[in-house]
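Quick notes on the structure that follows.
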Amino acid sequence: MNFVAAQSIKRGLLATGHYRRALRRSRFPGVAVLGYHALRSDDWPTGSMAFENLHVRASTFEAHCRLMRETCDPITLDDWRAALLGTAPLPPRPVLATFDDGYRSVFTIAAPILAAFDLPAVVFACSDPIERRSLLWFDDVAERDGEAAVEPWKGREYERWLAECATAPRIVADADPRALMTIPELQALSRQRGIEIGAHTSRHAILARATPAAQREEIGENRAALEAWIGRPVRAFAYPNGRPGVDYNGETLTILRELGFDFGFTMRPAFATAAEPPLERSRFMVVAEVMGPELAHRMAYTWPR
Ligand SMILES: [Zn+2]
């Protein structure tokens with residue numbers, strides 16, 4: 001069956017309530033943590049910026065939120081902490097939306113939709129570009145040298161990357177779709193019901209390429225800045241790029257443990273089960289092409305059980 005036909009069948013299955021019935025009968029083997037990055041309004045022209053698939057359309061995100069609210073059991077990290085302490089068990093289909101990087105569209109587009117559905121979320125933010133009002137290094141490199149130039153830099157040694165990619169990324173206007181939140185916006189977001197702010201390094205460093213001292217600085221400075229801005233402890237972390245064994249290492253885990261983080265999120269696509277280490281939680285990455293029916297299909301059937 002071709003892609004278009006499959007999509008059309010999935011749309012029908014969602015419209016007739018098939019996925020809703022299937023999901024309501026099911027129990028997840030762990031928490032379904034969804035890994036988002038940024039949002040975009042529906043009227044943005046396609047092909048207008050790099051890494052477009054990381055910017056989910058508002059209407060798609062709204063369909064995802066409706067699905068989470070109507071067929072799953074949205075939880076906060078505090079609900080999860082309580083379950084780990086044995087205070088209250090997790091519901092049958094726990095789901096949690098997360099957003100990496102700190103894009104401004106999470107505040108302007110996602111936050112009102114989350115509020116409308118009373119959905120919790122965790123937002124992992126890089127503090128250095130927030131403070132400078134600059135692009136994230138990969139958006140800057142993509143603008144300078146094209147999207148394909150970014151991947152090799154993820155494999156290069158930290159000091160060289162810092163000097164050539166992350167020391168002076170270009171400043172962007174707040175209206176630019178690649179802009180990060182301002183400090184007051186991050187503060188306002190942190191006060192929205194159900195929203196927790198987490199750390200993601202100061203500059204979106206690939207931690208495995210850095211010395212333990214540099215890793216500690218990237219993580220520690222990021223957390224200190226976020227805590228000073230929001231006036232609350234920051235205890236959750238998401239690894240930049242997030243591939244276990246590739247983008248972070250054993251030193252990273254030691255540092256997070258020493259700094260008192262209690263949750264670490266990777267990009268390993270699986271349900272986050274009770275068996276996995278708290279500092280290496282799995283997540284399902286969600287990109288723009290995953291429309292509402294496709295997310296329902298994955299939740300009900302194709303995500304590995
Ligand atoms: Zn990231």
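Remember, it's 1-based here, ligands and their atoms both numbered in the order they're listed. All residue numbers in this chain count up from 1 along the given sequence. Heavy-atom basis, side chains included; hydrogens, waters and symmetry copies ignored.
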- Message: Minimum heavy-atom separation for Gly292 and Thr60, please, with both atom names.
- Response: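 For Gly292 versus Thr60, the nearest heavy atoms are N-CG2, 4.5 Å.
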- Message: Ignoring hydrogens and geometry beyond distance, is a side-chain donor-acceptor pair present between Thr76 and Asp78 at under 3.5 Å?
- Response: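 Side-chain D/A pair, Thr76 to Asp78: absent.
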- With sequence neighbours excluded, tell me which residues meet side chain to side chain donor-acceptor pair (under 3.5 Å) with Asp140.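 Partners of Asp140 under the side chain to side chain donor-acceptor pair (under 3.5 Å) test: Arg170.
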Ring-plane angle category for [X] and [Y], please: parallel below 30°, perpendicular beyond 60°, tilted otherwise.
X	Y	answer
Trp161	Tyr158	tilted
Phe237	His200	tilted
His55	Trp44	tilted

- Message: Which of the protein's N, O or S atoms come within less than 2.8 Å of the Zn ion (ligand 1), not counting waters?
- Response: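 Under 2.8 Å from the Zn ion (ligand 1) - ignoring waters, which are not counted - the protein N, O or S atoms are Asp101 OD1, His200 NE2, His204 NE2.
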